[in-house]
Amino acid sequence: MSFIKQKEFAIILFVLPLLFLLFNYYTGIAEPAASELINWGSYLWNFSMIIGTYSLFRVHGTNIAKKGKDWSYSVVIFISFVTYFVASYVSPDVFKLILDYIQTPIMLTIWMGGFATLTMVFRGARTKSYLGVLLLLGSIFTVLRMAPIGPLIWPGFHTIGMWINDVPNMAVMRAITIVMGVGLIATLVREILGKETHYLGD
Amino acid sequence: MNVVGEFIFAAIILMIWSVLYKNNPFYKLISSMSVGLMLAFWLKGGIDAIIKDVLRPALLDMNLARFAVLVLGVVMFLRFYKGLAFASKWPIAILAGVGTAIATKGAIPTMILSQIKVGSFVSSDILGNVNNVLIWIGVISTLVYFMFSFKHGPVVGGISKIGQVYMMIAFGVIFGQYVYGTSVMAQMLYLLKYPGYYATIIAVLVLAASIVREKNKTKPAEETKA
Amino acid sequence: MLPGKNFDLIIFLLTVAGMYLFMRKAEGGRLPNIRSIPLLEELDSIIGRAAEMGRPVHYTTGYGGLHDEWAVMCVAGLAILSKVAEMCGKYRVWLQFTCFRGYLVPIGQDILKTGYEKGGAPEMYTPDMVTYVGEDQPAYIAYIMDYFMTERPAVSMVFGAIQAEMNNILMQAARVNAISLAGTPRLYYQGKMALMCDYCLLGEELYVAGASITSDPVHLGCIEAEDWFKMGIIALLVIAAIFTTLGMENVLQSLINW
Amino acid sequence: MTEKKKWYNISMDVQDSLVYFILILLCGTVVLYPLGIPLNVTKETREYYDALIAVPEGGVILYDEAYMVQSYVTGSEITMFRMMFDLIREKDVKLIIVSSCVDGPLGGAMIDKLLAEGVDKTGTTYGVDYVNFGWLPGFELVLSSISKNIQTVTMNDAYGTPISQIPMMKDLTTADIDVFCFSCSVSADPWMRQWGPLHKPILMSGGSSLIAQAMPYYESRVLTAYLNGARGLAELEQIYGKFTIATALMDATNLASLYGIALILYSNIRYQMGRRKMQ
């Protein structure tokens, strides 16, 4: 019984499905079991999401109970969660209304993408070295290649833009894809050997 | 055409934009509402999927595999019970194992092997040859830039400097596409259409009022200082 | 064996064996000598400048935590945090660490406490140097946009698994003229970092910086193994170039799809 | 005597709000009064159109809707759905719609909205010509189970009917699927890793900021064709003939890009001037 409590048992439970899926990938044996195990992954992910929700409510619950900082906004979180969750099961048309007229504008605007772009362009373009100038040239030609107005001003923008996209960008993206692939395998090796146990949360 | 809905749509956009001026209760309200709504949205998706693919097959059709998933899912909730908290790590370990396996098994063929393609240097069209040589040099110099355990002498340093030049142009392409792709067009549409522009007018008035109040608050302070 | 996967398996087994050997070598004490990372050298002078300006330093490790697949990036970010905390102790600068996950709060507080003690200013450390704003991105972005405008930090540091909030952090750091440092392997943000930051860690440099600070043998061994793997890829590229010029590219192609 | 403030030395915060105000003004006017700048159709969009049209008689298309909220608002993904439903009518094609959207169930809501209002479904019956799996959590796990066996992806579809009772899904395997389409906003890597080894035509559409990263896959033929972001959607509408908001927003995007470039040049030149004056 004590062995089950050890961390090693959890590492074994991590390594076994991993090796089985790799074995199935290379040999193609036990195909139905492999696809069942992959589906298990997404269903367990659902359960872990419910736990994440519970931990967030604990944080905001104590915040309300202790009347901590901005506790009134924690109340807003609870109210909006309950109304939206109940509406999704009880009355679908209220759910659609909230989705179309409240959640959609929030998701459309909350990340402030448009303004972040402008500040970066306006403030960031102060290049200190020739590398920065190269970066700006690359982005200017890319924007003019993609904007329909670019070729109207000078058709050369499209040809140079395409060249930048096809040669330097292709080379670097290929190299970075290779580097990322190697990084993935390195992480896998560390996890198989039990040196990397982030999933145990320690 | 739900007029009230469209007005609320525009009002929420303006409330979020107000954080550019200063963090204010409007933005905090919307930000916390987004937390609650997003949570409910995700939870409904997750619970529907669990009912659809785990509960119904496990309990109604007695599918043994899905029953095991149900047990593992319930075991995950033991983390709040001191005695059996160690057991709650098992399902998460299995989940992490499956996730790592499918991410890595596809990595070698697509991310590494299919990248080792070199265009011919001696084909008919000259420009194609030059481009292929430049791509080949670019891939090798960028890989050399990402080598850390080799001493950066004159040769290796020079090659990685070439790699840096390639990378800056390529990152310029990524930044250029971000600048082109990200814009406030879709939001503008709603701020200037029929019910939306009332919200815009109200927002401009509120902004002007707060700027004026801000000026009055700081001016008397300066007079006392002078 | 499924057709077309034999070469794939050979490369996989070679990599796993190579990484295991280099890890064993690094754990045996023979650590690889990693080339200097320009950003780590400049950290000292940057925090010195922050001390002259008398304004705080802001540090965050971003949206990724220790429980998901971005754990490696977050661990490297925390390693750099320990070095920054030590320097902030030395120059007596207030270091504000904004974290995104509940379990990072105690970890952050321990790192800051030991950092300030090592730096020689243990009395300067207070637990509320670590702020936790909840697990959601919009709340995190709102807090950061507010913090930068009110506190106006001198230095903004972002190391770890960053997502959409990187745009807002770089935006606000530029608006308050803060010295901006950033490092993340996520490809999508390399362009923004290279343009907006004074010093940045491109691609895998974050892992190397984290590992060289903690001199953790496992990661250092992996880094050296990856370098040899990349050397192998370059060799394959050279062979591929020779084959294609000789007009025999299908030979290599058949080997890869063997 | 303090130096008289030049017009460009006003405080940085005011300059920032000025920059934002000009953007709002610029895009606002263009959105209301479109300039109608002509849009030339590029090679990539033509390739995408031909690859989608070239699905064999009675073939199967799988469409993974995982794009961000942008397309939910502007509905710009509608052209692909219209083309696919035309194919159902003309070439008796089967269509599987699924959403592995990493941003949550919005992908499922997106499909329901397009199927309900956007597409005319005359002559096609649900369950025989097309099936909607709805949003499936797990992102890359869903893509992996699709590449392994389409039957086990989910037990029942978005409306609750079990897969076994859907006539179209009777003994349908992943090998029968002829064209894989996906629209995504994050990065194309997961799709390439999972669907690449199947060696079937893969078509990408979605955000424009992930095309640079997908170029190696496009060049090594893992990715067959791609749409050039919002501009690609507008071009596809030009080829297809029916227009939506995507084309209307094109003019505003044009001016916003020029405005961005003008800002880059302006701030760079002013910075270099300032540095030279300091030396």
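Every chain is numbered from 1, with letters handed out A, B, ... down the list of sequences.
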Is the closest side-chain heavy-atom distance between [X] and [Y] below 4.5 Å?
{"X": "A/Phe47", "Y": "B/Leu70", "result": "yes"}
{"X": "B/Phe146", "Y": "A/Ile176", "result": "yes"}
{"X": "A/Gln103", "Y": "B/Met33", "result": "no"}
{"X": "A/Tyr43", "Y": "B/Arg66", "result": "yes"}
{"X": "A/Thr187", "Y": "B/Thr100", "result": "no"}

Heavy atoms only, distances under 4.5 angstrom: which of [options] has the most pairs with chain B? Name it, please.
{"options": "A/Phe20, A/Phe95, A/Tyr26", "result": "A/Phe95"}
{"options": "A/Ser139, A/Gly138, A/Gly41", "result": "A/Ser139"}
{"options": "A/Phe81, A/Phe141, A/Phe78, A/Trp163", "result": "A/Phe81"}
{"options": "A/Val86, A/Ile102, A/Asn165, A/Leu16", "result": "A/Ile102"}
{"options": "A/Leu184, A/Asn169, A/Thr109, A/Leu99", "result": "A/Thr109"}

Please classify the contact of [X] with chain B as side chain, backbone, both or neither, using a heavy-atom distance under 4.5 Å.
{"X": "A/Ile98", "answer": "side chain"}
{"X": "A/Leu144", "answer": "neither"}
{"X": "A/Leu97", "answer": "side chain"}
{"X": "A/Met170", "answer": "side chain"}
{"X": "A/Asn39", "answer": "side chain"}
{"X": "A/Phe23", "answer": "neither"}
{"X": "A/Ile140", "answer": "neither"}
{"X": "A/Met173", "answer": "side chain"}
{"X": "A/Leu137", "answer": "neither"}

Closest contact, heavy atoms only, [X] versus [Y]:
{"X": "A/Tyr89", "Y": "B/Lys44", "result": "OH-O, 3.8 Å"}
{"X": "A/Thr117", "Y": "B/Val179", "result": "CG2-CA, 3.6 Å"}
{"X": "B/Val173", "Y": "A/Thr142", "result": "CA-OG1, 3.5 Å"}
{"X": "B/Ala170", "Y": "A/Pro168", "result": "CB-O, 4.3 Å"}
{"X": "A/Val182", "Y": "B/Ile112", "result": "N-CD1, 4.1 Å"}
{"X": "A/Leu108", "Y": "B/Gln187", "result": "O-NE2, 3.2 Å"}

Where does [X] contact chain A at under 4.5 Å (heavy atoms): side chain, backbone, both or neither?
{"X": "B/Ile116", "value": "neither"}
{"X": "B/Asn132", "value": "neither"}
{"X": "B/Lys161", "value": "side chain"}
{"X": "B/Phe41", "value": "both"}
{"X": "B/Trp17", "value": "both"}
{"X": "B/Ile12", "value": "side chain"}
{"X": "B/Met15", "value": "neither"}

[X] side, atom [atom1]; [Y] side, atom [atom2] - distance, nearest 0.5 Å:
{"X": "B/Asp53", "Y": "A/Trp40", "atom1": "CG", "atom2": "CH2", "value": "14.5 Å"}
{"X": "B/Ile92", "Y": "A/Trp45", "atom1": "CD1", "atom2": "CH2", "value": "13.5 Å"}
{"X": "A/Thr177", "Y": "B/Gln115", "atom1": "OG1", "atom2": "CD", "value": "5.0 Å"}
{"X": "B/Ile13", "Y": "A/Ile110", "atom1": "CD1", "atom2": "CD1", "value": "11.5 Å"}
{"X": "A/Leu135", "Y": "B/Met167", "atom1": "CG", "atom2": "CE", "value": "10.5 Å"}
{"X": "B/Tyr166", "Y": "A/Leu134", "atom1": "OH", "atom2": "CG", "value": "12.0 Å"}

Greater than 12 external heavy atoms within 6.0 Å of [X]'s [atom1]:
{"X": "B/Leu60", "atom1": "CG", "value": "yes"}
{"X": "B/Phe67", "atom1": "CZ", "value": "no"}
{"X": "B/Phe26", "atom1": "CZ", "value": "no"}

B/Leu39 and A/Phe85: side chain to side chain contact (heavy atoms under 4.5 Å, CB included), yes or no, with the steps? CA-CA 9 Å; B/Leu39 222 55; A/Phe85 190 66; over 6 Å; no
If you apply the rule side chain to side chain contact (heavy atoms under 4.5 Å, CB included), what do you find for A/Tyr25 with B/Ile102, and how did you get there? CA-CA 9 Å; A/Tyr25 170 72; B/Ile102 64 162; over 6 Å; no
Run the side chain to side chain contact (heavy atoms under 4.5 Å, CB included) test on A/Ile106 and B/Leu37 for me, step by step, so that the C-alpha distance in whole Å, both residues' side-chain angles and the decisive distance to 0.1 Å come before the verdict. CA-CA 10 Å; A/Ile106 287 178; B/Leu37 294 179; 4.1 Å; yes
Looking at chain A, which one of B/Thr142, B/Val35, B/Leu43, B/Leu143 has the largest number of heavy-atom pairs inside 4.5 Å, strictly under?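 Highest number of pairs under 4.5 Å: B/Leu43.
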